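Reading through the structure tokens given below for one structure.
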Protein chains: 2
Amino acid sequence: MARRPPIGNRIRALREQHGNMSQAALAEAIGVTRQTVIAMEQGRYSPSLESAFRISRVFGVGVEDVFSWTEPPDS
Amino acid sequence: MARRPPIGNRIRALREQHGNMSQAALAEAIGVTRQTVIAMEQGRYSPSLESAFRISRVFGVGVEDVFSWTEPPDS
DNA sequence: ATTCTTTGTAAAAAACTTTTGACATGTCAA
DNA sequence: TTGACATGTCAAAAGTTTTTTACAAAGAAT
């Protein structure tokens, strides 16, 4: 059922801050497809740790400057 | 074929620094199985970003204090 | 008005991560 | 030497992410 993960991201804002980098350009830069960037940006699922590292390095920041995690209430 | 990902981790060392926490105890603390901890620790695959966050918080450090990424030569 | 770019949707298949369960080994201590 | 505990292997199934392909809408483009 693939619920929305409790991880937020600032990908869109970072793209804008980097010369209005397009989703397609970011996808190519990190070696994934555009669909993957769209899904991550929309929070439909959380990326692999490897993709997270690649994205953060493209923007020259740390992983936790791109992605944030809030502990879900322990069900 | 699930090649070994270019991500290293210091999970074992951090477990030891935290009172010789067992793999089973870590697994329970982050809500995964022991098999998953073993596989991550051995670098057989890289965890989800969510698991990475949970692990780092158990040890009270940042994601990049647990996991490291070295850019692979662009094949 | 058509061309180009960007963003978006959708669905199936492929790839990868995680779980489940069973079993093996070594150590430690009692 | 039994019992508990820690780590490890293996394999199949289940769950999640990523790819692939195709199409749609909006804006700039001028």
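Because the structure is a prediction, the values reported are computed rather than measured. Letters go in sequence order (proteins before strands), and every chain restarts at 1.
Checking C/dT18, D/dT17, D/dG8 against every side-chain atom of B/Y45, the shortest atom distance belongs to C/dT18. Between D/dT18, C/dG8, D/dG8, one nucleotide has an atom nearer to the side chain of A/Q35 than all others, and that is C/dG8. For B/Q23, the side-chain atoms get nearest to D/dT7 when compared with the rest of D/dT7, C/dG8, D/dT9. Counting only heavy atoms from C-beta on, B/R34 has its side chain closest to D/dT7 among D/dT7, C/dT18, D/dT18. Listed candidates were D/dT17, D/dT20, C/dT20. Nearest to the side chain of B/T33 is C/dT20.
Applying the 6.0 Å contact sphere to CD of A/E28 captures no more than 12 heavy atoms from other residues, nucleotides or ligands.
The side chain of B/S48 places an N or O atom within less than 4.0 Å of a non-bridging phosphate oxygen (OP1 or OP2) of C/dT18. Look at B/S51 and you won't find any side-chain N or O under 4.0 angstrom from OP1 or OP2 of C/dT17. Checking the phosphate oxygens (OP1, OP2) of C/dT17, no side-chain nitrogen or oxygen of B/T36 falls inside 4.0 Å. Considering only side-chain N and O atoms, B/R15 lies under 4.0 angstrom from the phosphate OP1 or OP2 of D/dT7.
Atom CD1 of A/I38 and atom C1' of D/dT17 are 15 Å apart (whole Å). If you measure from atom CZ of B/R44 to atom C1' of D/dT9, you get 9 Å, rounded to the nearest angstrom. Look at CG on A/L49: it is 22 Å from P on C/dA15, rounded to the nearest Å.
A donor-acceptor distance shorter than 3.5 angstrom exists from the side chain of B/E64 to the backbone of A/V63, with no hydrogens or angles considered.
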